[in-house]
Each structure stands twice: as structure tokens, then as C-alpha cells.
There are 6 protein chains.
Amino acid sequence: MEQVSRFGAVELADFPPDLRERVSVIAERAGFVPNVFRGLARRPAELRAFLDYHDALMDSDEGLSRAERELIVVATSSANHCTYCIVAHGAILRIRARDPEIADRVAGNPWAAELNPRHRAIVDLALVIATRSAELTEHDLAGARAAGLSDDEIWDVGAITALFAMSNRLAHLMDLRPNAEFFTMGRAPR
Amino acid sequence: MEQVSRFGAVELADFPPDLRERVSVIAERAGFVPNVFRGLARRPAELRAFLDYHDALMDSDEGLSRAERELIVVATSSANHCTYCIVAHGAILRIRARDPEIADRVAGNPWAAELNPRHRAIVDLALVIATRSAELTEHDLAGARAAGLSDDEIWDVGAITALFAMSNRLAHLMDLRPNAEFFTMGRAPR
Amino acid sequence: MEQVSRFGAVELADFPPDLRERVSVIAERAGFVPNVFRGLARRPAELRAFLDYHDALMDSDEGLSRAERELIVVATSSANHCTYCIVAHGAILRIRARDPEIADRVAGNPWAAELNPRHRAIVDLALVIATRSAELTEHDLAGARAAGLSDDEIWDVGAITALFAMSNRLAHLMDLRPNAEFFTMGRAPR
Amino acid sequence: MEQVSRFGAVELADFPPDLRERVSVIAERAGFVPNVFRGLARRPAELRAFLDYHDALMDSDEGLSRAERELIVVATSSANHCTYCIVAHGAILRIRARDPEIADRVAGNPWAAELNPRHRAIVDLALVIATRSAELTEHDLAGARAAGLSDDEIWDVGAITALFAMSNRLAHLMDLRPNAEFFTMGRAPR
Amino acid sequence: MEQVSRFGAVELADFPPDLRERVSVIAERAGFVPNVFRGLARRPAELRAFLDYHDALMDSDEGLSRAERELIVVATSSANHCTYCIVAHGAILRIRARDPEIADRVAGNPWAAELNPRHRAIVDLALVIATRSAELTEHDLAGARAAGLSDDEIWDVGAITALFAMSNRLAHLMDLRPNAEFFTMGRAPR
Amino acid sequence: MEQVSRFGAVELADFPPDLRERVSVIAERAGFVPNVFRGLARRPAELRAFLDYHDALMDSDEGLSRAERELIVVATSSANHCTYCIVAHGAILRIRARDPEIADRVAGNPWAAELNPRHRAIVDLALVIATRSAELTEHDLAGARAAGLSDDEIWDVGAITALFAMSNRLAHLMDLRPNAEFFTMGRAPR
């Protein structure tokens, strides 16, 4: 059996009941248990907080669409060179955006991938916060506002980028491997 | 009244009841409401997950001591140039380590601050994960293990570093200002 | 019709006869004309030299295998964030290595992707030459030699990395877009 | 007795007479002998030149105020991660600026610390010269001039930054430790 | 006899006839065989492509002058710290530009060397492509166009920069040493 | 008349008497007044301290030879891209080392220029202090000691590097131009 995490993996059957139930819902929808849950389950309290944070920021179409949220994840995970997040969220982005090429184009070069002006502004702001957040200034926020982003949308861009600054590092810590299914999901042209 | 966050601040009285109760406990112990909570309360679900994640990783003396956990926060927040986290967790570090100089010495230069070999190994590993986690290799982990760190302690180093990679970026997003009290806490020599 | 290059594209029918013949062979094998040729054909003499250089280094199984040569291209193009080369040579790598995941794993994080020791040594040397070649020392070459690489293989690693240091910059200059076909080639598991 | 410098320290009594007299004046005012003098006294001719250079640039309120001069030192020493200069000149900055928080705020994040426009322009110019002086252009100087800085003030910003580019490296060379007194000076609110 | 390349050197007499003839023409004009040819001749097919690429881009006064082409080589080879290319093409630049100081001034600091606006725009664009081509945007091209560069001239700037991104890495791979003659060519004032 | 410094230049006749006398001695030996003095003379007290510091560190053959001291200046000024110091001290290095190529080889690539083990250790230590002194560790010093350097020699390497960290930034501040004479001094083979 292939490695999931360098610190081992927990089988879904061995999760605490609340987490088993919660992750089972995701697994049924996906058809498999994403490896990040089996790796993080080594620490149930941390997995619980991780899921809560994730759901608070990623499961919404208010302001930013779900596809835009995944766009931020793929762009910043590429800047951080996190294979798990690029591959897993790249799959979700392809599906949410109904575009089989978008994930590879954004992961290839998030700084220059062709995007509409709103998406370019979202990704530009996310990249500043991912790679040199100490230098974030009102000038960067003004760029986002000029593209029409509200304060709540700017918060979402920043908070999602921050959440995956954490996730990317957890994945690197675990040397986490993407499930085989993620590599091919959403690649059929629509 | 001084700025707390560029996106405004919520008064404790206006928090949802569960968060008000939870943050009140912290505020009573500290003597003031740390600004991070008033800034994040704009988003109760995110603040809830933040507190859960924080408590899961920072409120324990199993493996890493509480002082060692704060040491990681100060060192990596310095590498990320996050004033709020350096000042607030610097105060906690001074108290936990019973050392009025440690926070300024580690924040000044986390790469070379004089530390005992265990603490140096903890900080060295944390700095790799904070600043270039894609390059993390077994070689880095071997250095940590040679200093006596267990897998669980290595996980804690990595997970705390990851949590504050997020926190530092949230603080930069909010342009979060430290409460005046943090600057002077724990500075009297013991 | 979608953009090929920001400087326009030449139709195969309008290539000089020698180049039309040469690229036609490639196009027939692939089933389409890779966009790099249509973009570079703006300058026939440069395209001719490009093809010659490419063939001299990439069309050989002596020393380095063809799959190993593509591995170098994907790893260094990821370090350089070149979408065209990652996507196009990622497709070729999947086919040559008979591995549907290898390209995404190496492009995601070339520094830490799990590879056998020979491939890790090849990629490590290539990354030094791609990103900080002025600092290349005998120490780096010794690492490659310890993994069993001959002088001729080390030359190939360096020369292929150098060729794609050029190609990546040409692709960025042109804002070159990968053909749709490349995104899905070689993704079926074997 | 604690380490002053990795190359040892000279007692004030053992200084050459002219330096003993000169440093005694500083020591009487401060209440202690700053460690930098005891470390540099290993080389009297260098210490003499250091003091002369320091006095020529730091002991003046013409153009830049003394507090502004210390602001430059703290900001650039933070960019260079020099603990001695951050802690020692942070103390002086707190006193000169009559602000118990300014040093920790500027050292925490010199790029984004809230400052009035004149001080922001001073720090922005200083950071360019500290970290990437080869790229200094008329564009940077124009920013400083737009904030009202004269040529003489611009010279002072640059020359003070240059002097502490030297001092920071000397402190790193010596692994110089700040005197305990510096950590707490000027922290009482006014 | 001094080292030419760490992989040895081929004598001109031992070159394949076509390459011997071609390099002889250059050697007769220069008075010596430039070491790059003796180092690359280990791989005749690669040397052939290298010469073709070089001639296609460097032997022309259409659009960019020959001196401007050499200016790009010296500026980007300095950014890449390639001694062979700085010294050899610095010599050619001195001759082509009829200026004994230009090469040392541009190699010393390509970002700030005083140049007329057209040459400054050429060098600025070349430096972006040499050092961070993934971030190349229409904004950079607009700067070049504002200085009067045509699309063909912009292509030349980019393609020459790309060619020497390759050459610099080949020189580093070979640890290639400049011929003694290059150091002094073109230094007499005109 | 050509620019000396962007802040203007003082004629030797207008220097304060002590500085006029002191610089005249240098000028007579060189045959011209080095521009650095005419630029810095805008601030006599700073020029005086600069000359004192320079003489204390550069005018000695005790421990490090004069040529080794110049080697440090050229190597670190190249890392800092300071044209004035590379060109002026490159000339002095050629003369002191009686080697017409050494300056261009070291300035071209200080990290990999072929040097004997003692000189390589000197330059390696100097480059760490020039470019990332916060990370200087006992490990770096151990490398220098293994090459036979004494504590006094290590101090000289560090202090000369620190002095030119200052000088390079002053030259960038002034946009200081090298005198024409420096470009050609010491280029005749011995």
C-alpha cells in the first residue's frame, strides 16, 4: 500500500465517531477518502478545527464563488509548491469552473495565467499575501477594490490564502500524497 | 480610539454568546481583550475554528512545553515580520520561559539566537517550514531527531509553525495592532 | 480562435519547406501541431536551430533515458513556472515513463517529489543549474557522481536544463499557450 | 559572566586613554558600558573610526531629528536581523521619540509599520538602500523628495543606513549580545 | 596548459570538418580560438545548433544594432554571474560600442548603469526575462514599447536573453574560462 | 565634465586642509583624485572617519596580505553590484596580486572563481557576511579556521566586508562613477 503521510494514516473506521460521520459524507460524494483526512486524523482535535475552518471559508458562494475560492487555493499552493493541494484542489477547481485546463494553467504560472480582470485581481492579492505578506499595503488593497472586490471579498481572499499557507505546510510536514483519483477528475472537456 | 484592525473591531459584548464566554475567560486572565479576537470576531465561525486550532496546539505541556510552543511562534513570526504575533506571543514567551530577554533575542535573529541544542533544533526546523517548506527533506527531520525530538514533537513543531503561517497572514490582512499591555508584560527580571 | 503566442502564430502551410516537412513529421505522430512551432516559426532560422538543439539533446536513450530527459524538463520548467513546458513535456513524460502521476508530482514540488536515488540526483543537479548556476560547485557534481552519473550524463543534465532555461524564457516572451491535447495525454493508468 | 562577543571583550580600564575617556562619557550617561564598545575595543583604531563615524551621523538634529536617525537604525537593523542594534537602538528610539511602542512596531515589520508620511518615506528609502541598493533609482529618490526630504536629509538617510549595514555585520561577526539594560529602557508610557 | 572546461577541450584540428571551417573563420578574425568552441566541441551536434542560434540572433544590425545585442548579453550575464560571457562579450561590446568603459559599467550594475532611454528600456526588459520571466507582463512590454521598441526588437531582446540564459548555464556547467585575450580587447580609449 | 556623484563633487582645492593634505598623498601616488573622495568631501567629518576606517583595515600586511584584503572588497562588491568599488578596487587588486585577470574573474562570479583553498575560504566567509550575515554560524567560522585562518584574520575578513557593505551603499547613494584611469590600471600581463 502506498504512503499517505510520512507519519502514517488512520483508517476511516478508526476515526472518532463525529469525524467518521463527517468525513464519510465527503468520501461518499467523492468516491474515496481524501488522504488529507487520513493523515490529519492522527490528531482528532486538529482535524476537527481544520474541517471547521475549511467549511467556514470554502463552502459558500456568497461574495466569492466556490470556483473563485478554489482558484485562490490552486494559485497560492503553486507559489508554495504544495503537490497535494495543487492536485486535489486543482481537481475541484476544474469541476467548479467547468474548465479542464484552468488548474494546470494557474498552477503552471499563477503570476501570468490569463484570467479575467476580477480573477486576476483576486489571484494577484492572494499571491502577495502568500509570498510576502509583510509588505502588503493599502496599494495592494486598492488594486483589489478597483477590480470591484468588497471588503468581505478581500477578507475571503486573504483568509483562504492564510488557511492554505497552513495547509500547504501541513502537507509538506506529512509529505502528503494525493489520491490517484484527484489526478484525473474533471479533465473531460465540457 | 486606536485602530485594532483595518476591517474594524467587534466589542466583546457583541460577540455571539459562546465566543463571548470563551474570550471572557482569556480576557479575565490577561486583564484585557487581546485585539486578535476583536478583529477576527467579524467572522464568528472563523474565530471559533481559530480558537479550537489554537487550543489544540498551544495549551499543552505534553512533549513540547508551553514555553517551547511560544518559542516557535516568536521565531517564525519574526521570519514573517508579523508585529502582532511577535509582540503578543513575545509577552507570553517571556512569562512562560521566565526570561525577560528571550523574546527580543529570538525575534531579533531567530537563525542565530543562542539557545540550548534542543531549542535550537526546534527553531531550525520551524524556520525551514515557515520559509521554504517545499524543500523540507528527511535531512531536516534527521536533525530534529538527532536532538531528541519524537515524531509527536516534530508534528507539533510543524503544526504550530503552520498555524502561525496562517495567523501571521491574517494579522497582515487586518493590519492588526497589538494591545499596549503586551509590550511590557513579563519584562521584569526574575 | 485561441491565442497561440502574443506575437501571433504561423500556419504550418506557411512554414519554409524544410521546416514544414520537419514539423509535419512531429505533427503526424502527435496528431496536432504543437504551438511552440507555430509561435517560433515567426523566425525560421531560430526555429531551425531550436529543433536541432532539441533533437541533439532529447532524442536519445544513450546514457540518460528519454524519460529521464523529460523528467529534467518538467522539474526545471516548474522551478521556472513555465506553463507551456510543464504541460507539453509533462504529457511526454507521462507517456515515456508510463506513469500517469509523475508529471504532476514533479511539477508540484520538484525539490521533494519522491524519486529513486538516481532520478533524485538528476533532478537535484538540474535544479541547482536552473535556479542558481553561479553557485554550482564540485560538491554538487560529486553528489551526482555518487549516484552513478557519468560525465556524459552530467553534461546531459546540465545541457538539457540550459536548453529549457532558454525555452522557458521564449515561452514567457511569447505568452505561449499549450495545445488542448497536451493536458490529457498519457493520463490513463497502465 | 555572560558573553559579550565571540572574540572576547575588553574592560573599560584597559582601553587606550582617549577611548577610555570618550566611552566613559557615554557610560556615565547610560549607566553602563554598551557592549559594542567592549567588543570593538579589541581594535582601537577601528573603534576610534567607528565612534567618529557614528557621531558625525547620529549626534545631530539638523535636518533629520535624532529620533528620525534612530528610526532608520531600527528599521534597517530589523531588515538585517541584527539583535544588538535592534535592542540597543530600539531603547534609544523609545527615549528619543518618547514612544514606548515605536521600536517594537518598527522592528516587527518595518515595511508596514504605521508612520506619518515623512517617516514612512524615510523608512522606505532606507529599506531599499539596506536590502537592494544596486536597484536604487531616481524613482526612489523622487518618492523621498515628494515627502519633502532635502538632498541633505536624503544623504543622511542613505549614510545612516550604510553605517548600520556595517554595524549590523560587525555585530553578527562578533555575535554581540545586548546589555540587559537596553531591553527595558524607555518602556514606561509617557 | 590552463583549464578550458572542467570536461576537457577539443583542439580545432580535431573538430569535424564543417565546424573546423566555421570556427576557423571566427578564430582568424579574433586571432585565437574562443574557449567556448573548444569546450562545446565535445558535442558537435550541440555546437552546430549553438552556432546557428547565435548567428541568427547576434549577427544582424536590423532593428537592434550589434552593440545593443552585446549590451543585452553583458547585462544578463552579469545578473547570472557568468564570468566567461561577461569577459568575452564585454570585449565585443567595447569594440562594437566603441566605448572602453561600457562593459565594466553594465556588468558592475546592470540595474542602474547610466544608459540612454532606449538602452535602459532594452536592459530593463532583458533583466526581467533573465531573472523572473514568469512575472513578465504586458506592463513590462508597455515600458519597452514606450521607449520605441518594435515587436521585432522586443522579440530580439527576449530571444537574446533566452539564448544567454542557456549559454551562461553551459559555461557554469563547464566551469569555462575566458581566453586571456578577451580581458584586454577594446580597452584603449577612442 | 562628467558626473562624479549625483550630489555633486568637491574640488581638492576646496577640501579642509587636513583632508586636502591626506588625499593629495593618495592622488600623487595614483596620478589622479579618486572620485570617492570628491563625492564624500561634501561631508568632511564623514570623509575623515571613512579614511580612518579604511586605513585601519586596508593598509596592513599583518595576517591578511594587502592583496587578500582587496580580494575581499572585489568579491563582496560584486555580490552587492557596486560598480565603483569593483572597478576601483579591481584595479588595486590587479596590481597587488600581480595578476591582470583576477579582478574580472572574481567580480564575474565570486562564488565559483578558482582560488587557492585559503583564498576560497576567505571569499566564502566574506560572501556569507555580505549577503546573509544573520545566518552566520560557528559552522561558517569552522570552515575558515579549517583553512588556517586565525581569529584576527577572521575579524579582518568580517570587518573589511562590513566596511564595504557601507562603502557600496554610499556609492549607490551617490551614483558614484569610477575615474577613467581605474578601468585600465594593472591590465598589462607580468
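In what follows, every chain begins at residue 1, and chains take the letters A, B, ... in the order their sequences are listed.
- Residues of residues 153-180 of chain B that come within less than 4.5 angstrom of chain D, heavy atom to heavy atom, are B/His172, B/Arg177, B/Ala180 in numerical order.
- Against chain B, the residues from residues 68-83 of chain D that qualify, each with a non-hydrogen atom under 4.5 angstrom away, are D/Ser78, D/His81, D/Cys82, D/Thr83 in number order.
- The minimum heavy-atom distance linking B/Phe183 with D/Arg105 is given by the pair CZ-CG, 3.9 Å.
- Minimum interatomic distance between B/Thr184 and D/Arg187 (heavy atoms only, all atoms of both residues): CG2-O, 3.8 Å.
- Taking chain B as the reference chain and counting heavy-atom pairs below 4.5 Å, the highest number among D/Gly108, D/Pro110, D/Ala113 is found for D/Gly108.
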